[in-house]
Amino acid sequence: MSLAVTGTQLDGEPAGLRAEDGVIAELGPAVEPRDGDELIDAAGLLLSPPLVNGHTHAAMTLFRGYGDDRPLMEWLEKWIWPAEAKLEPEDVYWGTRLAAMEMIRSGTTRFFDMYWHGTEVARAVADAGIRAVVSTVMIDHLDPADGEKQRPEALELLDRLAEVGALVTPGFAPHGIYTVSGESLRWIAETAADRQLPVQIHLAETEDEVSECLARNGKTPARYLDELGFLGPRTALAHCVWIEREDFELVAERGATVVTNPAANMKLAVGRAFPYPAAAGAGVALGLGTDGVSSNSNLDMLEEVKLFALLQKHATGDPSVLPAAEALAIARGARSPLLAGTPLEPGAPADFLLLRAGDPELSVGGLEGDLVYAASGSVVDTTVVAGRVLMRGRVVPDAEEIVAEVRARAARLTAD
Ligand SMILES: [Zn+2]
């Protein structure tokens with residue numbers, strides 16, 4: 001399978017790109033199509049690296065708008081968890097298909113997912129053609145015996161996810177330190193290390209979580225996880241809103257990635273901004289995520305990156321904090337080896353976007369600043385993953401069927 005993109009621009013210069021077998025084979029002004037190439041005439045379109053969503057719950061597109069405007073614990077306990085109890089595996093498949101479509105339409109080509117029914121998530125990811133870390137989720141309600149019972153099934157799921165293909169990376173996703181016992185977290189850390197798998201967990205999202213952790217374990221959330229052997233280069237910590245500088249230094253020392261989710265933090269009013277200056281100052285690997293749709297309420301990483309940058313400027317009172325180029329690099333996964341954004345260079349995966357240079361938001365100004373402050377995902381014309389065109393001219397195949405399925409299923413799940 002080969003693909004040739006001609007007549008595009010990269011960093012203000014004329015450019016073309018050829019992909020073979022899912023990898024960028026040629027890139028530069030003199031690239032010519034070859035016999036058998038699928039052709040994209042990209043006049044008026046700008047070549048761009050894609051975005052990486054570092055933390056989400058993709059199938060929660062089923063719950064968009066459900067339980068809006070409520071505090072986090074009430075939202076989880078009275079709205080989300082009861083509705084999730086009605087979930088059937090097929091619901092997760094379609095919810096993830098809708099999420100994948102939304103991501104493809106807004107320029108995300110890889111996401112870190114934490115959701116139930118991982119085999120259905122993986123099936124949707126493979127059918128959509130996008131990349132994802134798909135997880136075996138664990139909640140044992142702080143009961144180690146319950147956690148131990150779940151282990152065989154968790155391992156079996158990892159094996160099944162490993163068989164799906166190159167687009168899916170299996171991983172662990174224990175929900176949080178207040179829903180998963182230390183024994184289970186230690187087992188996950190050891191198993192993930194043995195198998196070299198990524199692990200993601202929610203951490204220090206609220207002040208209450210931190211004070212409960214101090215009361216129960218006598219230490220902060222980051223130190224508690226570190227004692228369990230949980231912090232390492234394959235660990236992603238979502239949120240970390242209520243973490244201080246010295247704990248960020250520990251996280252940086254261990255090489256773990258912190259994924260900030262500004263829209264979800266603001267929508268659920270977690271009480272302060274992610275302390276980006278402290279995290280960046282400590283040298284923490286950083287990523288950006290949308291979190292699930294029900295706490296966002298979309299998966300548009302270009303909207304998220306604007307909120308990220310503006311919130312930091314607002315919270316610090318300093319407009320020079322988190323300049324556009326740095327915010328965009330974080331949104332592209334380029335500031336975390338774990339998130340591993342894909343650069344545009346020969347030999348790299350053929351994952352890229354073509355952006356509409358003539359859209360008002362991109363028509364004047366520098367591209368990085370326009371992408372962060374002006375544009376939304378609607379400027380993405382074409383999305384390519386592993387050399388396969390997933391959207392062209394903003395059209396994603398199967399869109400009507402996916403929307404109809406999710407509408408019907410969402411109505412059933414959220415009915416009283
Ligand atoms: Zn989350």
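From a predicted model like this one, the values you see are computed outputs, not experimental measurements. For ligands, and for the atoms within them, numbers begin at 1 and follow the listed sequence. Positions are given from 1, in the same order as the sequence printed here.
Salt-bridge annotation for Glu401 and Arg97: absent, with no side-chain N of the basic residue lying under 4.0 Å from a carboxylate O of the acidic one. Of the charged side-chain nitrogens involved, none lies within less than 4.0 Å of a carboxylate oxygen, so that Lys78 and Glu74 do not count as a salt-bridged pair.
Within Asp291, OD1 is the N, O or S atom that lies nearest to the Zn ion (ligand 1). Nearest N/O/S atom of His55 with respect to the Zn ion (ligand 1) is recorded as NE2. Within His57, the N/O/S atom positioned nearest the Zn ion (ligand 1) carries the name NE2.
A donor-acceptor contact shorter than 3.5 Å links the side chain of Ser106 to the backbone of Glu102.
Take His175 and apply the ring-ring contact (aromatic ring centres under 6.0 Å, His included) test, not counting sequence neighbours, and it matches Tyr178, His202.
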